[in-house]
Amino acid sequence: MSTPLSLDLRVRVLAAVASGLSHRQAGERFGVSAASVSRWRALEREQGDARPRQMGGDQRSHAVEAHGELILALYEAERDITLQELRAALAGCGVAIGYGGLWRFFARHGITVKKRRRMPRSRTGRTS
């Protein structure tokens, strides 16, 4: 996985642009693309500096959490529901969530989806 270029390089490139170089000229001088220079300028305008954003991590759980009340309500209505059945019920409500997204939602909330046996196992031994 790639890593963001250093803040020092970003500052030097942006200083060159501020002194009058175009994005392409500054990119060629420092060995970066003109598109990177444009993105760094936009970051500088938005954030006040060109510090890189955090990389990696969870990017989509907020979309599933937005429907958390509906997911939990459907789960509470039928506790023995499978994830596929829950996906179908959510699709009936107009919500499309993947199997893995539901799995991670339940893991975040500490809910197990393991099915329990209806009857305990017999304690009798094997007969020969």
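Residues: numbered from 1 along the sequence shown. Everything numeric here is computed off the predicted structure, so don't read it as measured data.
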_Test of understanding: with salt bridge (charged side-chain N to carboxylate O under 4.0 Å, His left out), list the residues that count as partners of R29, not counting sequence neighbours._
none

*Output all residues satisfying salt bridge (charged side-chain N to carboxylate O under 4.0 Å, His left out) with E46, sequence neighbours left out; order by chain, then residue number.*
R53

Could you pull out all residues at least two apart from [X] that satisfy side-chain hydrogen bond (donor to acceptor under 3.5 Å, both in side chains)?
| X | answer |
| --- | --- |
| H23 | S38 |
| E76 | R79 |
| R24 | none |
| R45 | none |

*Dump the intermediate steps for side-chain contact (heavy atoms from CB on, under 4.5 Å) on F105 and I97, then the final yes or no.*
CA-CA 10 Å; F105 173 82; I97 297 177; over 6 Å; no

*Locate the shortest heavy-atom distance separating A50 from W40; write the atom from each residue and the value.*
CB-O, 4.0 Å

*For Q84, look at atom CD and say whether over 12 heavy atoms of other residues, nucleotides or ligands are found less than 6.0 Å away.*
yes

*List, by chain and number, the other hydrophobic cluster members for V11, where Ile, Leu, Val, Met, Phe, Trp and Tyr join if side-chain heavy atoms come within less than 4.5 Å, directly or indirectly.*
L7

Return the set of residues passing side-chain contact (heavy atoms from CB on, under 4.5 Å) with [X] (not counting sequence neighbours), or none when no residue passes.
| X | result |
| --- | --- |
| L70 | L74, L90, C93, V95 |
| E28 | none |
| A66 | none |

*Which residue pairs pass the salt bridge (charged side-chain N to carboxylate O under 4.0 Å, His left out) test when at least one of the two sits in residues 82-91, sequence neighbours left out?*
none

_Sequence neighbours excluded - salt bridge (charged side-chain N to carboxylate O under 4.0 Å, His left out) pairs with any residue from residues 95-111_ = E65-R108

Measuring from atom [atom1] of [X] to atom [atom2] of [Y], what distance do you get when rounded to the nearest 0.5 angstrom?
| X | Y | atom1 | atom2 | value |
| --- | --- | --- | --- | --- |
| R41 | S36 | CZ | OG | 14.0 Å |
| L83 | L102 | CG | CG | 6.0 Å |
| Y75 | I111 | OH | CD1 | 5.5 Å |

*Report yes or no: do L21 and V13 belong to one cluster of Ile/Leu/Val/Met/Phe/Trp/Tyr joined by side chain heavy-atom distances under 4.5 Å?*
no

*hydrophobic_cluster_shared for V17 and L5, side chain cutoff 4.5 Å*: yes

*Could you tell me whether a side-chain N or O of Q25 sits under 3.5 Å from a main-chain N or O of S22, the two making a donor and an acceptor?*
yes

_What I'd like to find out is whether the side chain of L43 reaches to under 4.5 Å of the side chain of R51, using heavy atoms alone._
no

